[in-house]
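Just below is one structure, and these are the notes that go with it.
Heads up: numbering here begins at 1 and tracks the sequence.
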Amino acid sequence: MIVAATLGYSPAKADDARIIVVSHGQANDPFWSVVKNGVAAAGKDMNVTVEYRAPETFDMVAMSQLIDAAVNQKPAGLIVSIPDVSALGPSIKKAVAAGIPVISINSGSDVSKSLGALLHVGQDELDAGKAAGAKLKAMGGKVGLCVNQEVGNVSLDLRCKGFAEGFGGKVTVLPVSNEPSEVRAKVKAALASNADVDTVLALGAGTAGEPSVAAVKDAGKAGKINVATFDMSAGFLKSVAAGDAAFCIDQQQFLQGYLPVVFLANFARYGLIPGGNVASGPNLITRDKAAQVVELSAKGIR
């Protein structure tokens, strides 16, 4: 047990616990809607007030302002993602200096502790990328595309880096937006410009994975190119189950929303906190498992 007073925090009364979440999740990204569902479920289960906030676009200035605003409200706990430590670090340090316990989620596992966060809930993105690359190499891949919908997001950049290391072959990063129609067009164009591409790894299921599967079909190369993605969506899982895609990398983002609320609620009430980071992934969801989780994905849980 870690006693709250030893860390400079004073346990809140059960009825006073309010927890604020600030993520970089864009409004049209279904991945973050699952995180938000986890936050809401934990708030209900733990009987605490939770508030979820995020900028409309991938905007680090706006996100830092949301963190500053949360600090001014003096919540019992703050949950943040850290896609850019340079932009967000000062605001997170302000929260810690104000005596607000902080848990980081999703991105920032490598910098979370240095900023003063209690722990991180998520997956190691570099290692997850390596695992994906090694699996795709074992499936015969030699020339790959890494479809990145948020270039500059350190976590996504690490996924591509890990992919290249695990894959061992030639890997080109394809920068795109998180607009599915643009992703589909850009992936199709990339395939047309390089006939040697045999592997596509997308970094988000709904935003980049599903359009990548469609692009491969548009190019007439279904069955000839392995397509995989980080994260899950019902549509991509159906493609995996049908044999049109290779696998999803599940980081269980519902838990990234759920567990920090549980931890902070117990910390506010009793001074209890896990002694280290919590790895929510990665788990590879291949064809033999895909059909089992389609329904849960459609419900916003997986």
Could you tell me which residues satisfy side chain to side chain contact (heavy atoms under 4.5 Å, CB included) with [X], sequence neighbours excluded, listed by chain and number?
| X | answer |
| --- | --- |
| Val39 | Val21, Val50, Tyr52, Val261 |
| Ala41 | Phe254, Tyr258 |
| Ala190 | Leu145, Leu174 |

Check your understanding: Taking C-beta and beyond as the side chain, do Ile105 and Val35 meet within less than 4.5 Å on heavy atoms?
Key -> yes
**Study point:** Side-chain heavy-atom pair Asp231, Asp250 within 4.5 angstrom cut-off
**Key:** no
Point to revise | Option from Ser104, Ser107, Ser280 for which side chain to side chain donor-acceptor pair (under 3.5 Å) with Gln256 holds | key: Ser280
Practice item. Linking directly or through intermediates, with side-chain heavy atoms under 4.5 Å: list the remaining ILVMFWY members grouped with Phe163, chain and number order. Key: Leu136, Met139, Leu156, Phe167, Val171, Leu201, Leu203, Phe230, Phe247, Ile249, Leu284
For residues [X] and [Y]: do they belong to one hydrophobic cluster (side chain heavy atoms under 4.5 Å, members Ile, Leu, Val, Met, Phe, Trp, Tyr)?
| X | Y | answer |
| --- | --- | --- |
| Phe58 | Val147 | no |
| Leu88 | Val154 | no |
| Leu296 | Ile285 | no |

Review point. Is a salt bridge present between Glu182 and Arg184, judged by a nitrogen-to-oxygen distance below 4.0 Å?
Key: no
Exercise for review: Decide, yes or no, whether a salt bridge links Lys142 with Asp198 under the criterion of side-chain N to carboxylate O below 4.0 Å.
Suggested key: no
Exercise for review: Only counting residues at least two apart or in another chain, list the ones meeting salt bridge (charged side-chain N to carboxylate O under 4.0 Å, His left out) with Lys217.
Suggested key: Asp244
[X] and [Y]: side chain donor to acceptor below 3.5 Å:
| X | Y | result |
| --- | --- | --- |
| Asp288 | Thr286 | yes |
| Ser91 | Asp68 | yes |
| Glu210 | Ser233 | yes |

Point to revise | Pairwise side-chain hydrogen bond (donor to acceptor under 3.5 Å, both in side chains) hits with a residue in residues 77-90, at least two apart | key: His24-Ser81
**Study point:** Heavy-atom closest pair, residues Ala70 and Val22
**Key:** CB-CG2, 4.5 Å
